[in-house]
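Below is one structure, written out as structure tokens; the observations come after it.
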Amino acid sequence: MAVAQDIAKRQSLPYSPVGLLIAALIGALATTLVVALWSILATVLAGINTSIPLFWALLTGAALGAGIGLLRQERNTSLPATLALGLTAAILWLVFTALKPLGMAAVDIFWGVIATPISFVAAAQLTRYGLRELNLNKIHRDMLETLFLRMLRAVGFSFFLSIVVFPFYFMVASSLKSRVEMLQDPTFLGINLQQSLADLFVGYREVLVTFSFWRYIGNSSFVAIVTVIITLILAVLGAYAVTRLQFPGRNLLSRSILLIYMFPAIVLVIPLYSIFTQLGLRDTLPGLLIVYPATTLPVALYMLRSYFQTLPKDLEEAGMIDGSSRLGVIWRITLPLSLPALASVGLYVFMIAWNEFLFAFMFLDTPTIFTLSRGMVGLNSQEVPRQFLMAGAVIVTLPIMVIFFWFEKYLVGGLTAGGVKG
Amino acid sequence: MRGTLAAREARLAFFMLAPTFIIVFAIVLFPVIANFWISFKPVELGDLRPPAPVVRERIRETPQESSDTLRIRYQMRNSSRDVTLTTVTLTDNLPTGVTLATNEPRCEVQGNNLSCNLGNWEGGYRENLELDFTVDESFFASAADPLATVPNIRASAPNILTNFVFTLANFREVLSGSEFWPTLRITLYYTIFGTIGSILLGLFAAQLLNVKFAGQGIMRGLFLFPYVAPVIAVAFTWAFLLDPLSGSVNALGVRFGVLGEAVNFLGQRNIDINLLGLKLQFPLALTTVILFEAWRYFPFAFLFILARFQAIPQDMYEAADVDGASPLQKFWWITLPQLVGILSTLFLLRFIWTFNKFDDIFLLTGGAAGTKTLTVQVYDQAFALADLGAGAAVAVILFIILAIFMTIYFRYAPEGE
């Protein structure tokens, strides 16, 4: 900010040829980005056959940018001027394309007529925002870098939002589309709401009822919850011992906890498979319930240890003086103080257990005890329509996402509580 | 007094840690040792089901009246073709009112119980044991079905896992196979580029969100999606998304002219690239799984880097402003040096975890089209080819390479983790 103020002090003319050129460049890039997004959205969401008129987008954008550069007062273009420029560009586009922008075959009220002004106003705003508070008259390293970083930011946000949202949107959309619809036009991922709910959700009904996913939901929940309980009990005891009690080998143990977390699961699979088969534990849920806590315990213990270290010792000592036993102190003093940490660790463990694939895949053969991950593999190996498989994927993903959004604060705490100090 | 107190504390600590120790030892440490053991043994997947005697009971002659003969045939065999069963014993519950008539020294009847000591059976052994019984009135009175109880047959068999037969053949087979070295190379490519990719994406994402704005919290939540979602769901989604026939990515790419024709991203090993007259082979499927890895794990790096960003003291930037530093200079000279610690830790952590990764590639390509890593080879050898010993040998090699990485990590990791 200090730089911008510094520049503002040296404010001179509102424009110069180089400044206009830069404004035009920013305008061209911003407009192309917006037009490209608009075109892709129209194709994906509405199934409209569009193209990206690169040349015209760049040209309009350059004009838009130059206009915004020309109309600058002090360090900024005013909002009404920006709006007016965007709307002008939109009207010109609509007129010259006969209300059919982006090479659309027919007039579309929303994606053509309404989307045009929205897009160009957005592009103008983006340009204005990109040029805000900059002195365009002097080519200055600071100014160029700031412009470059702002462009990078705009591109970065579009990029990350697309890669994060698009696959999940695709998952949901294709779970609601039949094979025929999908093959007809794979670029169209809009959802046809003009059918009965039963038709729309046929994939979910099939997967839940015919392929018994309702049962797998129960199995997965059971396995995940029991894993959380076992892990929390053992990790609380272990973490407390490691932080509060003196015993030989304590430091070595503290250091080696995380080491376990780096052991490759695939190395454990062959011996566990062999031994569990011979013990008759392999194709059972108790078998999984032995393995899962073992894989989550080290990290849970580590996270709780980090948290316990931040708790003041005095309270516990006061409790001890009052005559409580150690376990009494843990139950009455330490645990109530650590509820947020317990929530974090519990959610993290739940996520691991719910998402676990390898052991569920290797161990479970009997369909009645499948977890969701294992059930998905079963769905994949049969001649099952893709729509059903994607409905299954949504069913596996949805609970964990709901929990995640609900408790995001705790889960993020759990994810980062691995304790980063370095 | 102090001494006894310390001893009591140590004992308590021991009891509190014991369950964790036991479970971690049983499920993590012991299997690693067992894996070494198995890697030196000639064990096939089928050997896990221990050889056992099998019996079927049939009635050959049904009595009509008192003092008639009831003839029961026990069809028995050794389920294994090559393992000898020792001390085979057959037991069965007999109906009331029958007396053993056949002179069979191996069998005896006590009350209603028949028991036969059948000695040792070699591999592939079969026997039909026919026993005649004389029935009396009480047999008809009880109207019992001789087949109502299932005969029980037991034997002891050597356990293939605990005997002392060792071999080096597993390692010889794995190391001399044409697959091993390419697999190791692919594993390293996957690990290195997957790690770097996820960290770079995470750094970029953290930079984007390191500014306060409305909706920042929602954005942060969205950015974590790929990491939080179950691997099986996102892997299948990617596979469909990238499908050459009906996948949306190919269709969109062709529609907007980015792709000349549909590309089989996950199924094609190499793609020819013409770069300034140079013909290059670009490993397509491997690149796709690396991109998946970077996509799925960037949130992990993102979270840690973002947390670190927020711990950088702001006065450093203010001082740089006074010195007239440009934005990129500030990033290069202030931000990056502050991130060195977390970046190196992330690199090593992700390196080890990516090296260990199995699910992702297995679900995306199954190791086809030049994407087979060591972990997938462990599975292929042990379960697809049913050669447990060879699979364990690959796992041992993987573990040794990993141990080397871990040694490096714990030597160079920043103090206090």
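When reading the values below, keep in mind they use all heavy atoms of this one structure, side chains included, and skip hydrogens, waters and symmetry mates. Throughout, protein chains are lettered first and strands after them, A, B, ... in sequence-line order, and every chain is numbered starting at 1.
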Chain B heavy atoms under 4.5 Å from [X]: which part of the residue, side chain, backbone, both or neither?
{"X": "A:F276", "result": "side chain"}
{"X": "A:S274", "result": "both"}
{"X": "A:L144", "result": "neither"}
{"X": "A:T50", "result": "both"}
{"X": "A:R250", "result": "neither"}
{"X": "A:L389", "result": "side chain"}

Do the rings of [X] and [Y] sit parallel, tilted or perpendicular, given the 30° and 60° boundaries?
{"X": "B:F362", "Y": "A:F357", "result": "tilted"}
{"X": "A:F157", "Y": "B:F223", "result": "tilted"}
{"X": "A:F404", "Y": "B:F225", "result": "perpendicular"}
{"X": "A:F263", "Y": "B:F399", "result": "perpendicular"}

Quick check on the interface: out of [options], who has the most heavy-atom pairs with chain B under 4.5 Å?
{"options": "A:V396, A:I163, A:V242", "result": "A:I163"}
{"options": "A:R179, A:R244, A:M182, A:M390", "result": "A:M390"}
{"options": "A:F188, A:F159, A:Y273, A:F148", "result": "A:Y273"}

task: Tell me, out of B:P230, B:A233, B:P226, who's got the most heavy-atom pairs with chain A below 4.5 Å.
output: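 Among the listed options, the one with the most contacts to chain A is B:P230.
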message: Tell me which of these, B:A251, B:A18, B:P19, has more heavy-atom pairs under 4.5 Å with chain A than the rest.
response: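 The option with the most such pairs is B:A251.
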Heavy atoms from other residues, nucleotides or ligands near CG of A:L152 exceed 12 (cutoff 6.0 Å):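 Enclosed.
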- prompt: Of the backbone (N, CA, C, O) and the side chain (C-beta and beyond), which part of B:R11 lies under 4.5 Å from a heavy atom of chain A, both, or neither?
  reply: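 Looking at B:R11, nothing touches chain A.
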- request: Could you walk me through whether A:D185 and B:R255 pass the side chain to side chain contact (heavy atoms under 4.5 Å, CB included) test, one step at a time?
  value: CA-CA 11 Å; A:D185 182 7; B:R255 167 75 57 82; 3.8 Å; yes
task: Please determine if A:R326 and B:E9 form a salt bridge, counting it only when a charged side-chain N lies under 4.0 Å from a carboxylate O.
output: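 Result for this pair is yes, salt bridge flagged.
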